[in-house]
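Presented below is the structure to which this report refers.
Numbered from 1 within each chain, the chains take letters A, B, ... in sequence-line order. Note that the coordinates shown come from a computational prediction; the quantities given were computed from them, not determined experimentally. Just the heavy atoms: all of them, side chains too, but no hydrogens, waters or symmetry mates, feed the values below.
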Amino acid sequence: GAGVSQSPSNKVTEKGKDVELRCDPISGHTALYWYRQSLGQGLEFLIYFQGNSAPDKSGLPSDRFSAERTGGSVSTLTIQRTQQEDSAVYLCASSPRDRGYEQYFGPGTRLTVT
Amino acid sequence: GQNIDQPTEMTATEGAIVQINCTYQTSGFNGLFWYQQHAGEAPTFLSYNVLDGLEEKGRFSSFLSRSKGYSYLLLKELQMKDSASYLCAVRDQYSNYQLIWGAGTKLIIKP
């Protein structure tokens with residue numbers, strides 16, 4: 001079946017502009033995660049959605065970052081007033097409810113802020 | 001604090017065996033994961049250990065010692081396609097979903 005998809009695959013933006021990154025999880029998966037991966041670094045947790053529960057936003061690095069998940073499916077990560085330090089690969093993952101520890105990752109969006 | 005340590009880079013020869021170590025210090029423990037990530041691609045799930053011992057899955061095996069805060073991933077009969085980064089991650093017992101990730105070990109396979 002279809003895996004997790006993300007768009008765009010690459011995004012180059014100017015400092016100060018807003019960007020939106022999209023994630024389509026695997027159908028039926030209730031949990032959705034956003035991570036950030038900088039070059040040579042581990043995955044940095046950003047935000048977690050589980051069904052209709054309030055999201056865990058504890059990993060968002062600043063109030064310039066926000067995310068929403070509409071209808072329990074597609075999610076959008078928005079970064080406002082981008083900074084050069086926001087340059088990274090943004091990964092989305094989803095999990096089935098009964099095996100929340102198995103995370104299926106999308107291919108990521110490579111964001112470059114110039 | 002929470003910390004996961006892995007070697008930054010390792011090199012091995014095609015057909016050989018390599019062991020990638022991971023040590024962790026976390027406030028709780030509820031499972032350890034290994035993921036493979038090829039350059040420019042998403043991480044893919046390899047293994048999950050929650051009890052001590054060795055879990056074998058084809059050419060890949062993963063070992064866990066909870067008392068030592070230690071795990072390793074063993075790759076046998078190395079193939080060129082095994083060149084990738086290998087990420088170790090620990091699930092905290094206080095969180096059902098959050099994983100603490102190591103920086104990954106870049107494995108280079110030479111002919």
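Between chain A and the options B:Q37, B:E41, B:K106, heavy-atom pairs under 4.5 Å are most frequent for B:Q37. Listed options A:E102, A:Q103, A:R110 were ranked by heavy-atom pairs under 4.5 angstrom with chain B; first place goes to A:Q103. Between chain B and the residues A:D56, A:V4, A:V89, A:L91, the most heavy-atom pairs under 4.5 angstrom are made by A:D56. Ranked by heavy-atom pairs under 4.5 Å with chain A, the first of B:G40, B:P43, B:A89, B:G102 is B:P43.
B:L46 and A:Y104 fall into different hydrophobic clusters, where Ile, Leu, Val, Met, Phe, Trp and Tyr are joined by side-chain heavy atoms under 4.5 Å apart, directly or via other members. Linking Ile, Leu, Val, Met, Phe, Trp and Tyr whenever their side-chain heavy atoms come within less than 4.5 Å puts A:L21 and A:F49 in one cluster. Linking ILVMFWY residues whenever their side-chain heavy atoms come closer than 4.5 Å, directly or via other members, places B:I20 and B:Y24 in the same cluster. Placement of B:M80 and B:L73 within a single hydrophobic cluster is found when ILVMFWY residues are connected by side-chain heavy-atom separations under 4.5 Å, directly or transitively. Under the 4.5 Å side-chain heavy-atom criterion for grouping Ile, Leu, Val, Met, Phe, Trp and Tyr, B:Y70 is not connected to B:F29 through any hydrophobic cluster.
Counting non-hydrogen atoms of neighbouring residues, nucleotides and ligands closer than 6.0 angstrom, the CD atom of A:E85 exceeds 12 such neighbours.
With a 4.5 Å cut-off on non-hydrogen atoms, B:Q6 does not touch chain A at all. At a 4.5 Å heavy-atom cutoff, A:S9 makes no contact with chain B through either its backbone or its side chain. Interface remark: A:Q37 contributes side-chain atoms only to the contact with chain B (heavy atom separation under 4.5 Å).
Expressed to the nearest 0.5 Å, how far OH of A:Y35 lies from CG of B:L99 amounts to 5.0 Å.
Closest of all the heavy-atom pairs between A:G106 and B:A42 is O-CB, 2.6 Å.
Aromatic ring centres of B:Y35 and A:F105: separated by under 6.0 Å.
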